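Take a look at the structure set out below.
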Amino acid sequence: RRQRQMCIRDSVKSLGLSIGEVSCEENTISLGLLSWQFSIKNDMSLTQQHLITPSLNVLENSLELKKALWQKLQDHSII
């Protein structure tokens with residue numbers, strides 16, 4: 001749980017947002033202009049302002065997926 005909180009906090013910080021700009025629903029986190037949705041698949045995609053990734057549980061246990069997430073955000077000039 002702590003690693004998941006750190007992942008969200010790091011994401012919020014890298015996007016230049018405050019925690020007050022973040023809202024959570026069942027499988028989606030709204031990060032200002034970016035909607036981050038969690039999928040049961042290990043695929044990752046980013047279109048416009050809609051990011052789809054595996055769950056935080058999966059991300060926190062995979063260095064490869066974490067790197068892919070940051071690369072995708074950088075490639076799309078999100079961070």
Side-chain angles (χ1 to χ4, degrees):
R1 177 167 166 89
R2 182 163 165 75
Q3 284 184 330
R4 278 179 264 161
Q5 290 172 337
M6 289 175 57
C7 181
I8 293 171
R9 188 182 70 227
D10 290 348
S11 300
V12 168
K13 189 175 180 180
S14 71
L15 294 169
L17 301 172
S18 71
I19 200 68
E21 296 174 275
V22 176
S23 64
C24 298
E25 293 180 23
E26 188 173 325
N27 67 341
T28 304
I29 299 174
S30 178
L31 301 164
L33 297 176
L34 180 67
S35 175
W36 183 358
Q37 183 177 2
F38 302 103
S39 171
I40 57 172
K41 299 179 182 178
N42 277 347
D43 297 338
M44 200 176 298
S45 68
L46 177 59
T47 56
Q48 300 281 329
Q49 285 81 27
H50 190 210
L51 173 65
I52 300 172
T53 69
S55 70
L56 287 174
N57 285 335
V58 173
L59 285 172
E60 72 185 13
N61 292 309
S62 173
L63 183 58
E64 183 177 310
L65 285 173
K66 283 189 243 182
K67 286 180 180 180
L69 170 60
W70 292 115
Q71 187 62 52
K72 191 160 288 294
L73 291 172
Q74 288 177 337
D75 290 349
H76 286 80
S77 300
I78 301 293
I79 57 172

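No experiment lies behind these values; they were computed from the predicted model shown.
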Query raised in the report: Could you state the interatomic distance from OG (S62) to NZ (K67), rounded to the nearest 0.5 Å?
Result: 10.0 Å

Query - Residues forming a side-chain contact (heavy atoms from CB on, under 4.5 Å) with S45, sequence neighbours excluded - result: I52

Query raised in the report: CG/L56 to CZ/F38 distance, rounded to the nearest 0.5 angstrom?
Result: 4.0 Å

Requested in this report: Would you check, one step at a time, whether the test side-chain contact (heavy atoms from CB on, under 4.5 Å) holds for L34 with L73?
Outcome: CA-CA 11 Å; L34 180 67; L73 291 172; 4.3 Å; yes

Report summary line: Distance col, row E25:CD vs Q37:CD, nearest 0.5 angstrom, shows 10.0 Å

Query - Contacts of type side-chain contact (heavy atoms from CB on, under 4.5 Å), residue S35, not counting sequence neighbours - result: T28, H50

Query raised in the report: To the nearest 0.5 Å, how far apart are CG in L46 and CG in D75?
Result: 9.0 Å

Query raised in the report: What distance do N61 atom CG and K66 atom NZ have between them, rounded to the nearest 0.5 Å?
Result: 7.5 Å

Query - Verdict with supporting geometry, L51 and T53, side-chain contact (heavy atoms from CB on, under 4.5 Å) - result: CA-CA 7 Å; L51 173 65; T53 69; 3.8 Å; yes

Query - Counterpart residues, side-chain contact (heavy atoms from CB on, under 4.5 Å), relative to N42 (two or more places apart) - result: P54, V58

Query - Steps toward side-chain contact (heavy atoms from CB on, under 4.5 Å) verdict (L59, M44) - result: CA-CA 11 Å; L59 285 172; M44 200 176 298; 4.2 Å; yes

